[in-house]
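Comments concern the structure below.
The shown structure was predicted, so the numbers you read here are calculated from the model rather than taken from an experiment. Note that these values count all heavy atoms, side chains included, but never hydrogens, waters or copies made by symmetry.
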Amino acid sequence: MSAEDLKFMQRAFELARKGMQSNAGGPFGCVIVKDGRIVGEGWNRVTSDNDPTAHAEVVAIRDACKNLSSFQLEDCTVYTSCEPCPMCLGALYWARPRVIFFAGTREDAAFGGFDDDFIYKELDRPREERTIPLTSLLAAEGRELFVEWLNKADKTGY
């Protein structure tokens, strides 16, 4: 790990503390870097924004994508104060950064009262056995949307 990596991770810690001190949400901060400069930042804003998706990584992804005028983070490096939860990890995979560095682990998050282990377990369960029912409705019509997408001549793929 380089001195620059350490500097950016320290910034993620600063953002985590900023969010905590302002009562925006939990102790999570995230920085996204491209070509040695910060292009996106975020801290947990779940409680301040009344948004369960406003985790530090998601906030930082939105900021970086806006600043880069892109829906992907190719050639970017992500520094996050804690191992991403399943939602954030999924969002990061969709954004396609080059690498993700994290400090605290998901076990550390559980120690701090942020235990997402139940989500990992839910994802391994068959749909019909999950805690929140996940039931298909109008499957044929739903599939037709993908046929329309495939036939759309002017689509932007991702």
For this session: Could you tell me whether the side chain of S70 and the main chain of C65 form a donor-acceptor pair under 3.5 Å?
Result: no

For this session: Grab the two heavy atoms, one from G19 and one from S22, that are nearest each other, plus how far apart they are.
Result: O-OG, 3.2 Å

For this session: Output the distance between atom CD (Q72) and atom CD (E74), rounded to the nearest 0.5 Å.
Result: 5.0 Å

Exercise. For the side chain of R96 and the backbone of W94, is there at least one donor-acceptor N/O pair under 3.5 Å apart?
Worked result: yes

For this session: Drop me the distance from L123's CG to F118's CZ, to the nearest 0.5 angstrom.
Result: 10.0 Å

Exercise. Taking the side chain as C-beta and beyond, is there a heavy-atom pair between R125 and T131 under 4.5 Å?
Worked result: yes

Exercise. In terms of hydrophobic clustering (I, L, V, M, F, W, Y; side-chain heavy atoms under 4.5 Å; direct or indirect links), are Y120 and M87 co-clustered?
Worked result: no

Exercise. Are E14 and R17 ion-paired here, with the side-chain N under 4.0 Å from a carboxylate O?
Worked result: no

For this session: Indicate yes or no for a side-chain donor-acceptor contact from S81 to the backbone of A12 under 3.5 Å, with no hydrogens or angles considered.
Result: no

Problem set entry | Beyond-backbone contact of P27 with N44, side-chain heavy atoms, under 4.5 angstrom | no

Exercise. Ring centroid separation for F114 and F28, is it under 6.0 angstrom?
Worked result: yes

Problem set entry | V33 side chain near K7 side chain, heavy-atom distance below 4.5 Å | no

Problem set entry | L92 side chain near P84 side chain, heavy-atom distance below 4.5 Å | yes

Problem set entry | Distance (rounded to the nearest 0.5 Å) between F13 CZ and T80 OG1 | 9.5 Å

For this session: Return yes if a side-chain donor-acceptor contact under 3.5 Å exists between E4 and S2, otherwise no.
Result: no

Exercise. Does E148 reach the side chain of E144, with side-chain heavy atoms less than 4.5 Å apart?
Worked result: yes

Exercise. Side chains of Y93 and L89: closer than 4.5 Å at any heavy-atom pair?
Worked result: yes

Exercise. Parallel, tilted or perpendicular for Y158 and F71, by the 30°/60° rule?
Worked result: perpendicular

Problem set entry | Smallest separation among heavy atoms of R106 and D116, with atom names | CB-OD1, 4.3 Å

Problem set entry | Approximate separation, where rounding is to 0.5 Å, of R98 CZ and I100 CD1 | 11.0 Å

For this session: Would you name the heavy atoms of C88 and E57 that are closest together and state the gap between them?
Result: SG-OE1, 3.2 Å

Exercise. Cluster question for you: counting only ILVMFWY and a side-chain heavy-atom cut-off of under 4.5 Å, with indirect links fine, are I61 and V59 together?
Worked result: no

Exercise. Which one of L73, I32, D75, D63 satisfies the side chain to side chain contact (heavy atoms under 4.5 Å, CB included) criterion with L68?
Worked result: L73

Problem set entry | Whether N67 side chain and V39 backbone form a donor-acceptor pair below 3.5 Å | yes

Problem set entry | Spacing of CZ belonging to F102 relative to CD belonging to E83, to within rounding of 0.5 Å | 4.5 Å

Seminar exercise, completed: Correct closest heavy-atom pair for C82 and T105 would be SG-O, 3.5 Å

For this session: Decide yes or no for D5 and F101: does some side-chain heavy atom of the first lie under 4.5 Å from some side-chain heavy atom of the second?
Result: yes

Problem set entry | Worked check of side-chain contact (heavy atoms from CB on, under 4.5 Å) between K121 and D124 | CA-CA 5 Å; K121 289 177 181 172; D124 283 338; 5.9 Å; no

For this session: Kindly work out whether a path of hydrophobic side-chain contacts (I/L/V/M/F/W/Y, heavy atoms less than 4.5 Å apart) joins M1 to V99.
Result: yes

Problem set entry | Same apolar cluster (I L V M F W Y, side chains within < 4.5 Å links), L6/I38 | yes

Exercise. So do the side chains of C30 and L15 get within less than 4.5 Å of each other, counting heavy atoms only?
Worked result: no

Seminar exercise, completed: All heavy atoms of C85 vs all of H55, minimum pair found to be SG-ND1, 3.4 Å

